[in-house]
Amino acid sequence: MSELDPQPPIRVRIAPSPTGDPHVGTAYIGLLNFLYARQRGGKFVLRIEDTDRARFVSDSEQMIFDALRWLDLAWDEGPDVGGPFGPYRQSERTEIYRSHVDLLLVSGHAYRSFETAEELDAMRKSQIAAKLPPRYNGAHRELSASQIAVYEAEGRPAVVRLKVPVEGETAFRDELRGAITFSHNNVDDQVLLKSDGFPTYHLANVVDDHLMQITDVIRAEEWISSTPKHVLLYKAFGWELPRFWHMPLLRNIDKSKISKRKNPVSLIYYRESGFLPQAMLNFLGLMGGGMAQPTEEEIVSKGINIKQGDIFSLPEMLEKFDFKRISLGGPVFDLTKLKWLNGEYLRALPPEQFFQALRATIFSDDYLRRIAPLVQTRIETLAQFGEMTDFFFKDDVMPAPEAFVPKARTLEETLAFAAEQLVLLEATPFTHDELEAALKQIGVDKQWPVKDNFMLLRAILTGKTASPPLLESLIVFGRARALDRMRRFIDTQKRLAATRK
RNA sequence: GUCCCCAUCGUUCAGUGGUUAGGACACCGCCCUUUCACGGCGGUAACACGGGUUCGAGUCCCGUUGGGGACACCA
């Protein structure tokens, strides 16, 4: 580094949103940012993007912390550890955003807009119906002072929008792809400040990245199309651009963007299902490349098996991972390979550690202690514990159709109802009372007697028609795994039904 | 519909103008083994297509096709 041209210290961040279970995509981008920072002696920042109060989930933030710690991806600055650029929770920075919005309003880079959400929705729908690109029509771009006064007098809520230039284009550099250019007529007048006073991602993200002196924005590819908005914002503020690195999106088997409908995405699920964090990290490191294959020399000198070229630790990634090697095709998150990898790690464990891994997860005192009361009155010898509780310890459980299809229903109806149950369970806190109320409600709505309703769920969870109490079992088994079991059940049954036809 | 990104075995990653196109997972076969795994050995399997550039293209350029993403007062 020359004194005339000092490079600022590397600072990167991940910015997860606390809207549910910690996501495997967050872990992927987290790993990449972690590696990038550590390899360059930089700082890795964790910022919580909690500006969406409608989707906010209260314990989500803690789960994100836990999941990232489980993976050993330690951050240098964040809401829980502090740091010189805090606060690191966007909900605590609203004044900062407001003052920056004022700057844009004054400089003419933004304007207030008074349409209601309903009006905008109607406009969008008609545009889509007319096969037009859905875009804000700019109606309030040039409101006169008197018109604004009228709206304000009416007490109409306003948002603040970015005033994207009509003419021209915005270009930026993606470090992996080179120059990317967007014509301004394809860039919408994005809302920057919502009517509830909270910023949108676009504004908060740019303001925070600048104030937190982020040098490299390493995020998922889905952000490319909104990057011109961000670039326009940096320019409007007169700020220097960070480097942008857009990473390929993790995919489902059908190549669509990874989603909970088609793939387990919750890190809680992987932890509770007995995946080892090293295996998960290794697998994520495999996604998109980045690790050079072992050289001829390494194979000879270390005597390593060729196949071990796919097996590497976090320290090895720190040493060898190369961002310029990342391939841009979206990698399929292949559970089969993850399981193989996990098996490799399991087999490599010394026996005592393997035993401890079992005791820490599937046979933890805590888990057994919570299961025990569910069976105490139901068994006559302790050995019967196994028959009664097998489903708690299995990965795969699949009831026979006789066990889950009520006499008065068809298989199709039953699967459709199971899908409804799944949607419901996803949205319901896992407490006895809330689960019970929700399930009973859906039974009433869909005309499913409580007995059939609960029996279906029991069959899906336990594979049997007799079991410990259903809701308690569901809770002890755990939300992440229970939802996965339901999704697997529905998918498998649909597939079977399709092959029968 | 508009814009943007991407393109090597089923999946994943090698291959950076001259290769019998390589490894891993998966799959198949054989061996080991009381079973099942593990392990060992072997096998099937890919450069999407069409034009260029070049003595020579999986590698460079253009187009087509295909896939994906974005188009919210969500991130």
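By convention in this document, chain letters (A, B, ...) are assigned in the order of the sequence lines, proteins followed by strands, and residues within each chain are numbered from 1. Note that the structure is predicted; figures quoted are calculated from it, not measured. As a basis for the values below, the full set of heavy atoms in this structure was taken, side chains included, without hydrogen atoms, waters or symmetry mates.
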Whole-angstrom distance between [N] and [M], as gauged at atom [atom1]:
N	M	atom1	answer
B/rU16	B/rG10	C1'	26 Å
B/rU12	B/rG18	C1'	27 Å
B/rU8	B/rU19	C1'	14 Å
B/rC6	B/rC62	P	12 Å
B/rU64	B/rG1	P	15 Å
B/rG52	B/rA57	P	11 Å
B/rG15	B/rA7	P	13 Å
B/rA45	B/rC9	C1'	5 Å

Assign [X] to base, sugar-phosphate, or nothing according to its heavy-atom contacts below 4.0 angstrom with the strands shown.
X	value
A/Val191	sugar-phosphate
A/Ser256	sugar-phosphate
A/Pro199	sugar-phosphate
A/Ser226	nothing
A/Leu338	nothing
A/Gly343	nothing
A/Gln127	nothing
A/Arg161	sugar-phosphate
A/Thr51	sugar-phosphate

In terms of side-chain heavy atoms of [X], which of [options] is nearest?
X	options	result
A/Asp188	B/rU11, B/rA72, B/rC73	B/rA72
A/Lys257	B/rA75, B/rC13, B/rA70	B/rA70
A/Thr336	B/rC25, B/rA14, B/rC73	B/rC25

| field | Closest-nucleotide ordering on RNA chain B, the 5'-leading residue of A/Ile326 and A/Thr19 | value |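 Nearest-nucleotide comparison on RNA chain B picks A/Ile326.
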
| task | Determine the interplanar angle of the A/Tyr269 and A/Phe275 rings, folded into 0 to 90°, and report it as parallel if under 30°, tilted if 30 to 60°, perpendicular if over 60°. | result |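 A/Tyr269 vs A/Phe275 ring planes: tilted.
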
Any strand counts, and the cut-off is 3.5 Å on both contacts for Watson-Crick or G-U wobble. Which nucleotide pairs with [N]?
N	value
B/rU19	none
B/rC41	B/rG29
B/rA7	B/rU65
B/rA46	none
B/rC74	none

| Salt-bridge contact A/Arg488-A/Asp395 (side-chain N to carboxylate O under 4.0 Å) |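 Salt bridge between A/Arg488 and A/Asp395, a charged N being under 4.0 Å from a carboxylate O: yes.
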
| query | Can you give one letter per nucleotide of nucleotides 1-7 of chain B, 5' to 3': B if a protein heavy atom sits under 4.0 Å from the base, S if only from the sugar-phosphate, - if neither? | reply | BSSSSS-

| field | Residue pairs passing the salt bridge (Lys or Arg N to Asp or Glu O under 4.0 Å) test where at least one lies in residues 224-236 of chain A, sequence neighbours excluded | value |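 Counting only pairs at least two positions apart or across chains, no salt bridge (Lys or Arg N to Asp or Glu O under 4.0 Å) contact touches residues 224-236 of chain A.
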
Close aromatic pair by centroid cut-off 6.0 Å: [X] and [Y]:
X	Y	value
A/Phe312	A/Phe321	no
A/His109	A/Phe237	no
A/Trp239	A/His100	yes
A/Phe363	A/Phe393	yes

Measure [atom1]/[X] against [atom2]/[N] and give the value in whole Å, please.
X	N	atom1	atom2	result
A/Phe312	B/rU12	CZ	P	15 Å
A/Tyr28	B/rU12	OH	P	12 Å
A/Phe283	B/rC13	CZ	P	10 Å
A/Leu341	B/rU11	CG	P	18 Å
A/Asp196	B/rC73	CG	P	12 Å
A/Leu203	B/rA72	CG	P	17 Å
A/Asp310	B/rA24	CG	C1'	4 Å

| Is A/Pro79 close to A/Pro87 at the side-chain level, that is, under 4.5 Å between some pair of heavy atoms? |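 They are not in contact (no side-chain heavy atoms under 4.5 Å apart), so the answer is no.
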
| message | In the structure I gave you, are the side-chain heavy atoms of A/Met212 and A/Arg47 within less than 4.5 Å of one another anywhere? | response |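 Answer yes - side chains close enough.
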
Less than 4.0 angstrom between a side-chain N/O of [X] and OP1 or OP2 of [N], yes or no?
X	N	value
A/Lys194	B/rC74	yes
A/Arg251	B/rG68	no
A/Arg325	B/rG15	yes
A/Lys339	B/rU11	no

| Which of these, A/Val106, A/Leu193, A/Ile96, sits in a side-chain contact (heavy atoms from CB on, under 4.5 Å) with A/Val101? |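 It is A/Leu193, the one option of A/Val106, A/Leu193, A/Ile96 that forms the side-chain contact (heavy atoms from CB on, under 4.5 Å) with A/Val101.
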
| query | Counting only distance, no hydrogens or angles, is the base of B/rC38 paired donor-acceptor with the side chain of A/Arg347 under 3.5 Å? | reply |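 No pair found.
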
| Per the atom types in the model, does the base of B/rA26 pair as donor or acceptor with the side chain of A/Lys337 at under 3.5 Å? |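 No.
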
| field | Residue among A/Asp254, A/Asn252, A/Asp491 satisfying side-chain hydrogen bond (donor to acceptor under 3.5 Å, both in side chains) with A/Lys262 | value |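 Exactly one candidate clears the test, A/Asp254.
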
